[in-house]
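These notes are about the structure you will find just below.
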Number of protein chains: 2
Amino acid sequence: MKVKSIENPSQEDLLNILSEGLSSEAIITIFAHCRVHYDGRAKSELGNGDRVIIIKPDGSFLIHQREKREPVNWQPPGSRVSFQVEEDRVRIISVRRKPRETLEVELLKVYLASYLQAEDSEELTLMGSEAEMRDYIFENPEVIEEGFKVLFKEKPIKHGIVDLLGRDKDGNLVVLELKRRRADLHAVSQLKRYVEDLKEEHGNVRGILVAPSLTSGAKKLLEKEGLEFRRVKPPKREKAQRGKQKTLDSF
Amino acid sequence: MKVKSIENPSQEDLLNILSEGLSSEAIITIFAHCRVHYDGRAKSELGNGDRVIIIKPDGSFLIHQREKREPVNWQPPGSRVSFQVEEDRVRIISVRRKPRETLEVELLKVYLASYLQAEDSEELTLMGSEAEMRDYIFENPEVIEEGFKVLFKEKPIKHGIVDLLGRDKDGNLVVLELKRRRADLHAVSQLKRYVEDLKEEHGNVRGILVAPSLTSGAKKLLEKEGLEFRRVKPPKREKAQRGKQKTLDSF
DNA sequence: GCCTAGGTCCCGTTA
DNA sequence: TAACGGGGCCTAGGC
């Protein structure tokens with residue numbers, strides 16, 4: 001039986017769903033009027049209301065209100081679930097170690113208890129990421145400028161990791177910072193950090209921000225710092241297997 | 001009737017749940033074997049598998065696999081849901097405008113269709129945020145150092161917005177960058193940007209990173225740049241109503 | 001485990 | 001609306 005659900009379950013029904021769901025590695029979903037307490041990296045309280053609660057077999061724990069994409073409270077994968085039974089109510093507790101965090105849901109009224117023994121071996125294939133942009137430029141360095149050659153992908157330097165490092169036709173070192181979406185002040189600061197880092201050991205170093213567009217503030221700071229911009233949109237292409245080759249030569 | 005659920009629903013049952021759920025502003029939850037297509041800021045494909053699908057009345061749309069805290073596919077609040085009926089299957093489509101994004105779920109087999117007319121007026125109260133840290137320092141500037149005085153909270157400068165701006169006992173301008181958790185390279189770059197910005201118009205400017213700890217790389221860069229560190233942990237205290245007072249004086 | 005950085009980030013706030 | 005920065009961010013990839 002792949003799925004099980006009980007509307008307005010008795011306490012016994014609820015405990016059965018929870019035990020069976022947990023032991024069979026199912027995804028458990030509960031509709032309930034509840035209250036939530038969290039303490040860990042931060043601390044929170046949520047008063048009584050109707051929510052959707054999801055417990056996954058990897059320990060992920062989600063509590064959703066009727067709005068927003070984000071769960072109002074949660075626990076990340078690896079957390080351990082248990083439950084406490086009191087006279088008239090059930091408490092679900094999830095504990096994470098390192099950092100220590102506890103999430104406690106007090107179930108005041110359960111409208112629906114259910115689980116699904118999900119079989120799913122598929123993984124998402126995503127197109128249009130920064131990683132694809134990087135591979136695209138690696139293979140087509142001329143989209144940056146004529147004569148540009150890539151030396152390194154994901155190259156660790158003194159303070160950080162550069163997306164792409166290469167040389168222009170005049171032999172200058174060139175740092176590329178890629179953004180899949182509109183680049184902001186943060187992106188410029190990041191690029192500036194890399195350029196200053198490399199300038200300490202090499203002569204002239206150019207920094208180019210590569211993105212579909214720039215925020216107004218990013219443009220101002222970029223120009224003030226003598227950095228450059230190239231407009232490139234992330235390609236939405238099927239990805240072939242990407243080789244791990246990272247270096248062409250010492251520089 | 002606050003909740004409704006049907007196991008292994010017929011196509012008619014399923015369409016009823018969807019229509020009723022959407023029109024009554026309920027949270028809809030479906031257990032289904034499905035396939036998913038997304039196109040928008042990026043593009044993705046997800047092959048057949050069992051998932052939990054949640055549709056909220058604000059347009060939020062979540063598709064969860066059996067692992068991870070994050071939905072494998074989603075649509076943010078404000079998206080518009082519709083469905084298409086074919087001979088043997090139902091397709092749920094969610095469209096967002098600005099940017100244009102579409103999410104399409106092909107339901108191959110539905111194990112459970114349900115909705116909850118959730119009533120919930122409670123909001124989360126969170127303790128231990130950076131905002132609380134800021135207020136704490138604003139009220140207790142001596143935790144930074146003896147003689148330190150705050151001038152501005154959340155002060156916009158030329159390139160960015162400074163968390164706290166003040167003066168030390170010698171009259172030097174002091175920029176504080178706060179982090180509620182261990183500060184990294186990014187935080188140092190951010191602080192450096194603010195300090196360089198203010199140095200252009202004021203004489204000596206000190207930059208202090210205020211956080212519970214530092215990453216190794218952040219420490220190295222901080223020292224190299226002549227910036228400082230103060231160890232402060234975010235307070236987990238109940239928040240009173242926070243005044244909006246931001247400035248004490250021109251500087 | 002720590003560090004570094006991306007994300008279809010989401011989200012709130014402000015000009 | 002765009003811009004800016006926080007987040008209990010989460011997640012992936014190195015080391």
Side-chain angles (χ1 to χ4, degrees), chain A residues 38-44 60 67-77 96 98-103 124 126-131 133-134 154 156-157 159-163 177-187 189-190 193 213-220 234 236 244 246, chain B residues 38-44 60 67-77 79 96 98-103 124 126-131 133-134 154 156-157 159-163 177-187 189-190 193-194 213-220 234 236 244 246:
Chain A
Y38 155 75
D39 197 357
R41 287 167 293 178
K43 190 173 191 306
S44 75
S60 304
E67 298 189 333
K68 303 296 169 201
R69 202 212 73 144
E70 292 303 303
V72 61
N73 279 114
W74 71 90
Q75 207 67 296
R96 175 195 198 183
K98 205 44 182 162
R100 175 94 183 173
E101 299 195 283
T102 64
L103 180 64
L124 192 74
L126 183 69
M127 292 148 273
S129 64
E130 184 187 295
M133 216 170 141
R134 190 165 55 235
E154 294 279 295
I157 59 174
H159 302 288
I161 304 163
V162 166
D163 281 335
E177 173 57 34
L178 313 184
K179 289 295 163 201
R180 68 167 307 286
R181 55 172 184 166
R182 179 176 272 244
D184 56 14
L185 282 175
H186 169 197
S189 291
Q190 204 179 337
R193 163 156 50 96
S213 62
L214 283 178
T215 66
S216 50
K219 184 159 184 283
K220 273 187 1 195
K236 288 184 190 175
K244 280 253 177 173
K246 275 183 187 161
Chain B
Y38 155 74
D39 197 359
R41 288 168 292 178
K43 190 173 192 303
S44 75
S60 304
E67 298 188 332
K68 303 296 169 203
R69 202 211 73 144
E70 293 303 303
V72 61
N73 280 113
W74 71 91
Q75 205 70 295
S79 309
R96 175 194 198 182
K98 208 30 187 174
R100 175 95 183 173
E101 299 195 284
T102 64
L103 181 63
L124 192 76
L126 183 70
M127 293 148 270
S129 63
E130 185 188 293
M133 215 169 140
R134 190 167 55 236
E154 293 279 295
I157 57 174
H159 301 288
I161 304 163
V162 167
D163 281 335
E177 173 58 33
L178 313 183
K179 290 294 163 201
R180 69 167 307 286
R181 56 173 184 166
R182 179 175 271 246
D184 57 15
L185 282 176
H186 170 198
S189 291
Q190 205 179 335
R193 162 156 50 95
Y194 301 148
S213 61
L214 282 179
T215 66
S216 51
K219 184 160 186 285
K220 271 186 5 195
K236 288 184 191 176
K244 280 250 177 176
K246 275 182 188 160

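A, B, ... follow the sequence lines: proteins, then strands. Residue 1 opens every chain.
Ranked by how close their nearest DNA chain D nucleotide is to the 5' end, B/E67 and A/A218 are led by A/A218. Along DNA chain D, the nucleotide nearest to A/E101 and the one nearest to B/E70 differ in position, and the one closer to the 5' end is contacted by A/E101. Positionally, the nearest nucleotide of DNA chain C for B/V72 lies more toward the 5' end than for the other of B/V72 and B/S60.
For the residue pair B/R182 / B/S213, a side-chain donor-acceptor distance below 3.5 Å is found, with atom types taken as modelled.
Separation of atoms CZ (B/R41) and CZ (A/R181) is listed at 7.5 Å; rounding is to 0.5 Å. The CD atom of B/E70 lies 9.5 Å from the OG atom of A/S60; values are rounded to the nearest 0.5 Å. Separation of atoms NE2 (A/H186) and OG (B/S189) is listed at 7.0 Å; rounding is to 0.5 Å. The structure places OH of A/Y38 at 10.5 Å from CG of B/L124, a figure rounded to the nearest 0.5 Å.
The listed nucleotides are D/dG6, C/dT8, D/dG8; the one nearest the side chain of B/R41 is C/dT8. Distances were taken from every side-chain heavy atom of A/P76 (C-beta onward) to each of C/dC3, D/dG8, C/dT8; the shortest belongs to D/dG8. If you check C/dG1, C/dG6, D/dG8 against the side chain of A/K98, the one that comes closest is C/dG1. Side-chain proximity of B/P77 to the nucleotides D/dG5, C/dA5, C/dC11 is greatest for C/dC11. Of the candidate nucleotides D/dG8, D/dG6, C/dT8, D/dG6 has the atom lying nearest to any side-chain atom of B/E177. Closest approach to the B/N73 side chain among D/dG5, C/dC3, C/dT8 is made by C/dT8 (side chain taken as heavy atoms from C-beta onward). Distances from the side chain of A/E130 to the nucleotides D/dT11, C/dG6, C/dT8 place C/dG6 closest. Listed nucleotides: D/dC9, D/dG5, C/dT8. Nearest to the side chain of A/W74: D/dC9. In this structure, of D/dG8, C/dT4, C/dG7, it is C/dG7 that holds the atom nearest to the side chain of A/S129.
The CG atom of B/L103 sits 13 Å away from the P atom of C/dT8 (whole-angstrom rounding). To the nearest angstrom, C1' of D/dG13 lies 9 Å from CD1 of A/I161. Taking atom NE2 of residue A/H186 and atom C1' of nucleotide C/dT4, one finds them 10 Å apart after rounding to whole Å. To the nearest angstrom, P of D/dT11 lies 14 Å from CG of A/L124. Separating the CZ atom of A/R180 from the C1' atom of D/dA12 is a distance of 16 Å, rounded to the nearest angstrom. Regarding B/K220, its NZ atom lies at a distance of 12 Å from the C1' atom of C/dT4, rounded to whole Å. In this structure, B/R181 places its CZ atom 8 Å from P of D/dC10, rounding to the nearest Å. Distance, A/K219 NZ to D/dC4 P: 13 Å, rounded to whole Å.
Side-chain atoms of B/R100 and B/D39, non-hydrogen and from C-beta on, never get closer than 4.5 Å to each other. Residues A/M133 and A/K179 fail the side-chain proximity criterion, which asks for heavy atoms closer than 4.5 Å. Contact check for A/P77 versus B/E67: no side-chain heavy atoms found under the 4.5 Å cut-off.
Nucleotides D/dT11 and C/dC11, compared at atom P, are 16 Å apart to the nearest Å. Separating the C1' atom of C/dG7 from that of D/dG5 is a span of 15 Å, rounded to the nearest Å.
Among the atoms of the strands shown, none is found under 4.0 Å from any heavy atom of A/P99. When heavy atoms are screened at a 4.0 angstrom cut-off, B/G217 is found touching the sugar-phosphate backbone but no base atom. Among the heavy atoms of the strands, none lies under 4.0 Å from A/S44. In this structure, A/K43 reaches neither bases nor backbone, as no heavy-atom distance under 4.0 Å exists between it and the strands shown. A/Q75 comes within 4.0 angstrom of a base, heavy atoms only. Using a 4.0 Å heavy-atom distance criterion, A/R96 is classed as making no nucleic acid contact.
Within the structure, every side-chain polar atom (N or O) of A/K68 is placed at least 4.0 Å from both OP1 and OP2 of C/dC10. The side chain of B/Y194 places an N or O atom within less than 4.0 Å of a non-bridging phosphate oxygen (OP1 or OP2) of D/dG5. When the side-chain nitrogen and oxygen atoms of B/T215 are compared with OP1 and OP2 of C/dC2, none of them lie within a distance under 4.0 Å. For the OP1/OP2 pair of D/dG6 and a distance below 4.0 Å, the side-chain nitrogens and oxygens of B/Q190 include at least one atom meeting the criterion. Neither OP1 nor OP2 of D/dG8 sits under 4.0 Å from any side-chain N or O of B/R182.
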Check against salt bridge (Lys or Arg N to Asp or Glu O under 4.0 Å), A/R180 and A/E130: CA-CA 5 Å; A/R180 68 167 307 286; A/E130 184 187 295; over 6 Å; no
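For the side-chain hydrogen bond (donor to acceptor under 3.5 Å, both in side chains) test, residues two or more places apart in sequence or in another chain that qualify with B/S44 are B/N73.
The base of D/dG5 has none of its N or O atoms less than 3.5 Å from a complementary donor or acceptor on the side chain of A/D184. Residue side chain B/D39 does not reach the base of C/dT8 through any donor-acceptor N/O pair under 3.5 Å, judged by distance alone.
Listed by first residue number, the stems of DNA chain D with at least three Watson-Crick or G-U pairs below 3.5 Å are C:1-7 with D:9-15, C:9-15 with D:1-7.
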